[in-house]
> 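Structure provided below as structure tokens; questions to follow.
Small disclaimer: the values here were computed from a predicted structure and weren't measured.
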Amino acid sequence: MTRTQRTAKLKLRNATLEDVDAILALQARAYPSMQPDPPSMIRGQISAFPEGQFIVEFEDEVVGWCASFIIDEAAAFAPHDWAGITGNGFAARHDPDGEWVYGMEVAVDPARRRLRIGERLYVARQALCEDWSLKGVVFGGRLSGYRRKKRIYPTPEAYLAAIEAREIRDGVLNFQMRMGYEPAGVLRNYYPEDGEAGGHAALMVWRNPAWAEGQGPGRLPSPNTVRVAAVQLKTREVETVAEFERTVEFFVDACAEYDADFCVFPEMFTVPLLSLEKRKLTPEESIAALTRHTKRFVEFMSALAVRYNINIIGGSHPTKLENGTIQNVAYVFLRDGSIHTQEKIHPTPNERFWWNIKGGDTVAAIPTDCGPIGVLICYDSEFPELARRLADEGAKIIFVPYATDDRPGHLRVRYCAQARAIENQLYLVTAGNVGNLPGVANMDVNYAQAAIITPCDFPFARDGLAAEASENVETIAVADLHMDSLAEARRSGTVRNLRDRRFDLYRIVWTDRG
């Protein structure tokens with residue numbers, strides 16, 4: 001008898017960062033009258049709690065998706081709106097010590113509704129709740145028919161009572177009640193953009209029948225450690241490109257000998273290549289000359305990352321775009337061979353005046369084998385909105401390559417980096433240039449003291465410094481960063497900056513809606 005094997009047509013699994021574009025396309029199909037979420041929001045949800053993000057694939061196409069996180073009981077059952085409870089959609093209030101799964105969003109392809117995709121997603125949340133020994137699932141359920149019935153039922157409470165009394169039906173709530181969820185009151189102005197519901201929702205609750213009093217969460221994130229190294233590089237004249245590359249490789253080798261997961265070089269650390277020029281250049285000519293080294297620089301640094309099995313934050317290097325403008329770009333070379341970029345968003349007045357550097361317009365967390373990271377080039381660390389965006393996307397380490405010519409400039413970067421670490425309860429790693437390069441305008445002298453910076457709380461070093469280099473000498477600073485210490489501080493620290501944000505009073509609105 002001949003046997004045939006077929007792969008499953010329909011599959012439910014956890015979402016990954018590779019699924020972001022497919023999830024956004026699904027949102028556009030499921031909710032054509034609303035804009036899909038910004039990609040940064042989906043990345044933030046996956047980074048915050050990957051186990052709580054589910055997709056359904058049918059014949060390799062994403063046809064269902066739901067986002068979830070864990071929340072403490074007091075927050076789950078207090079009056080709230082969607083933006084506040086979800087951390088503006090990023091799952092920024094995910095609490096591994098919480099008792100309840102909170103359902104953020106659900107989308108089902110309207111062309112596949114007969115496949116019971118929504119039912120599969122709700123069951124997946126319940127299974128997650130049971131697997132993690134949590135009390136139950138809670139979320140804001142849409143009062144999808146309220147606007148049509150408002151003349152008869154003038155308040156959302158009256159509308160919900162009519163549904164519970166089976167006087168009327170609501171397509172969304174009745175489905176959720178069939179899935180075992182019970183209404184526990186009305187959340188007024190839960191999602192103001194939902195006109196059909198008048199902006200209101202019902203607080204829907206499913207209680208885990210296997211949960212017992214006194215039982216805590218069954219699974220918590222495992223402790224893990226990331227070792228980082230900051231390279232404080234001396235600016236020196238070189239006779240050939242190969243001479244510059246030998247110096248860079250020496251420091252990559254040294255960091256790899258320490259078994260570092262990351263090493264970070266300073267901003268504009270490729271400037272020594274200008275000593276190869278035959279004549280003295282104007283500042284604008286100098287930057288244009290550096291851009292000619294971009295191709296070789298990228299290929300060389302990527303090869304180092306793979307050869308030495310280390311992730312390299314390649315400081316920054318001026319890069320000419322297709323339209324002819326020049327940006328100050330940080331290249332991130334991962335040890336799997338992939339390359340990412342983060343342009344400097346805010347060129348300093350000197351960069352704009354001397355070098356005609358243009359600012360970039362996107363900032364995003366970068367996925368690595370040690371979790372999402374962020375890069376803020378020098379001046380960008382002095383703008384708190386950027387670090388908050390990276391934190392919301394799941395970054396727990398932000399690398400700050402910088403270049404300053406005096407102590408006041410260095411201290412601006414240092415103090416702002418320390419503030420970003422406290423505000424976002426994450427680690428920052430700074431690395432700057434030292435030494436002199438005569439004849440190069442705006443980069444002739446340098447001042448730096450590299451540092452590996454922590455939040456200021458009990459799990460961390462007393463002064464908020466995991467490591468610090470001696471000032472103005474060529475060296476490296478190395479430290480182990482404990483991700484479980486960040487989780488502990490965010491859950492139960494002396495201060496809890498991320499959790500205690502007042503989403504009811506303020507939020508950042510980005511042009512990409514992030």
Side-chain angles (χ1 to χ4, degrees), residues 226-236 247-248 250-252 254-255 257-258 260-272 312-317 328 330 344 346 348 350-351 373-384 386-387 397-424 426-438 440 442-457 460-481:
V226 178
R227 181 167 293 177
V228 298
V231 178
Q232 190 158 281
L233 192 67
K234 182 179 179 180
T235 303
R236 52 168 66 83
T247 299
V248 172
F250 167 82
F251 281 100
V252 171
C255 295
E257 283 293 313
Y258 278 102
D261 296 293
F262 292 93
C263 69
V264 54
F265 284 87
E267 178 185 22
M268 300 292 288
F269 79 111
T270 56
V271 159
I312 302 173
I313 315 301
S316 76
H317 175 77
N328 189 357
K344 191 173 187 176
H346 303 92
T348 63
N350 273 347
E351 285 178 281
I373 61 147
V375 178
L376 296 177
I377 303 173
C378 196
Y379 194 31
D380 284 344
S381 67
E382 301 176 27
F383 294 82
L386 301 183
I397 308 173
I398 295 179
F399 294 92
V400 182
Y402 73 101
T404 51
D405 57 3
D406 58 12
R407 183 169 173 80
H410 154 74
L411 289 177
R412 282 196 298 271
V413 175
R414 166 64 69 84
Y415 293 153
C416 288
Q418 191 76 65
R420 304 296 86 83
I422 293 169
E423 292 162 354
N424 299 290
L426 44 67
Y427 298 110
L428 275 91
V429 184
T430 68
N433 301 289
V434 299
N436 308 307
L437 194 63
V440 178
N442 208 38
M443 279 291 289
D444 46 353
V445 295
N446 296 276
Y447 186 106
Q449 188 174 21
I452 300 171
I453 300 169
T454 76
C456 292
D457 209 342
F460 310 102
R462 184 186 65 180
D463 53 2
L465 291 173
E468 183 180 38
S470 298
E471 57 187 344
N472 287 337
V473 297
E474 189 171 56
T475 186
I476 60 175
V478 183
D480 285 338
L481 304 181

> With a 4.5 Å limit on heavy-atom distance, are the side chains of Cys263 and Ile313 in contact?
no
> Measuring from Cys456:SG to Arg462:CZ, what's the distance to the nearest 0.5 Å?
11.5 Å
> Side chains of Ile397 and Val226: does their closest heavy-atom pair fall under 4.5 Å?
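Touching, per the 4.5 Å side-chain cut-off.
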> Please check: side-chain N/O of Ser316 versus main-chain N/O of Met268, any donor-acceptor pairing under 3.5 Å?
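Looks like yes, one N/O pair under 3.5 Å.
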> Would you say His410 and Thr404 are linked by a side-chain donor-acceptor pair, where the criterion is simply a distance under 3.5 Å?
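Short answer, no.
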> Considering only heavy atoms from C-beta outward, does the side chain of Cys378 approach that of Val413 to under 4.5 Å?
yes
> Would you say Val228 and Ile452 make side-chain contact, with heavy atoms under 4.5 Å?
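Result yes, sub-4.5 Å side-chain heavy-atom pair found.
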> Spell out, as yes or no, whether a donor-acceptor pair under 3.5 Å connects the side chain of Asn424 to the backbone of Leu426.
no
> Which atom names give the shortest non-hydrogen contact between Ala467 and Val478, and what distance separates them?
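Looks like CB-O, 3.6 Å.
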> May I ask you to decide if Ala448's main-chain N or O and Asn472's side chain share a donor-acceptor pair within less than 3.5 Å?
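Looks like yes, one N/O pair under 3.5 Å.
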> Check whether Glu474 reaches the backbone of Lys234 with its side chain - one donor and one acceptor, N or O, closer than 3.5 Å.
yes
> Using modelled atom types only, decide if a donor and an acceptor are shared between the side chain of Glu351 and the backbone of Thr348 within a distance under 3.5 Å.
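Between the backbone of Thr348 and the side chain of Glu351 there is a qualifying donor-acceptor contact (under 3.5 Å).
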> Using a 4.5 Å cut-off on heavy atoms from C-beta on, say whether the side chain of Phe399 contacts that of Ile373.
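Counting from C-beta outward, Ile373 and Phe399 do come under 4.5 Å.
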> Where is the tightest heavy-atom contact between His346 and Leu386, given as atom of each residue plus distance?
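The pair with the smallest heavy-atom distance is CE1-CD1, 3.6 Å.
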> If only atom types and distance count, is the side chain of Arg414 paired as donor or acceptor with the main-chain N or O of Gln449 below 3.5 Å?
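Such a contact is found between Arg414 side chain and Gln449 backbone.
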> Do you know the tightest heavy-atom contact between Ala229 and Ala260?
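Where Ala229 meets Ala260 most closely, the heavy atoms are CB-CB, 4.2 Å.
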> With the side chain counted from C-beta on, respond yes when Ile453 and Thr430 share a heavy-atom pair under 4.5 Å apart, and no when they do not.
yes
> Charged N to carboxylate O below 4.0 Å: is that the case for Asp480 and Arg227?
yes
> Would you mind reporting whether Pro455 and Tyr427 have side-chain heavy atoms less than 4.5 Å apart?
yes
> For Ile377 and Asn328, work out which heavy atoms get closest and say how close.
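Smallest heavy-atom distance, with atoms named: CD1-O, 3.5 Å.
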> Would you give the length of the straight line joining atom CZ of Phe251 to atom CD1 of Ile312, rounded to the nearest 0.5 angstrom?
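Going from CZ on Phe251 over to CD1 on Ile312, the span is 13.5 Å.
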> Going from CG on Leu376 to SG on Cys416, what distance comes out if it is rounded to the nearest 0.5 angstrom?
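So the CG of Leu376 and the SG of Cys416 are separated by 11.0 Å.
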> What closest approach, in Å, do Ala477 and Ala469 show between heavy atoms, and which atom pair accounts for it?
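Closest pair (atom of Ala477, atom of Ala469, distance): CB-N, 4.2 Å.
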> Please identify which of these residues, Leu233, Val231, Thr235, meets the side-chain contact (heavy atoms from CB on, under 4.5 Å) condition with Phe269.
Leu233
> Search all heavy atoms of Tyr402 against all heavy atoms of Pro266 and return the closest pair with its distance.
O-CB, 3.8 Å
> Taking the side chain as every heavy atom from C-beta outward, state whether Val248 and Phe265 have any pair of such atoms under 4.5 Å apart.
yes
> Do any N or O atoms from the side chain of Gln232 and from the backbone of Ile476 form a donor-acceptor pair under 3.5 angstrom?
no
> Any donor-acceptor pair under 3.5 Å linking the side chain of Gln418 with the backbone of Thr454?
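Side chain of Gln418 to backbone of Thr454: a pair is present.
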> Just by modelled atom types, is the Arg407 backbone N or O under 3.5 Å from a matching donor or acceptor in the Glu471 side chain?
no
> So does Gly435 get a backbone contact from the side chain of Asn446, meaning a donor-acceptor N/O pair under 3.5 Å?
yes
> Going by an N to O cut-off under 4.0 Å, is there a salt bridge joining Glu382 and Arg420?
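Salt bridge between Glu382 and Arg420, a charged N being under 4.0 Å from a carboxylate O: no.
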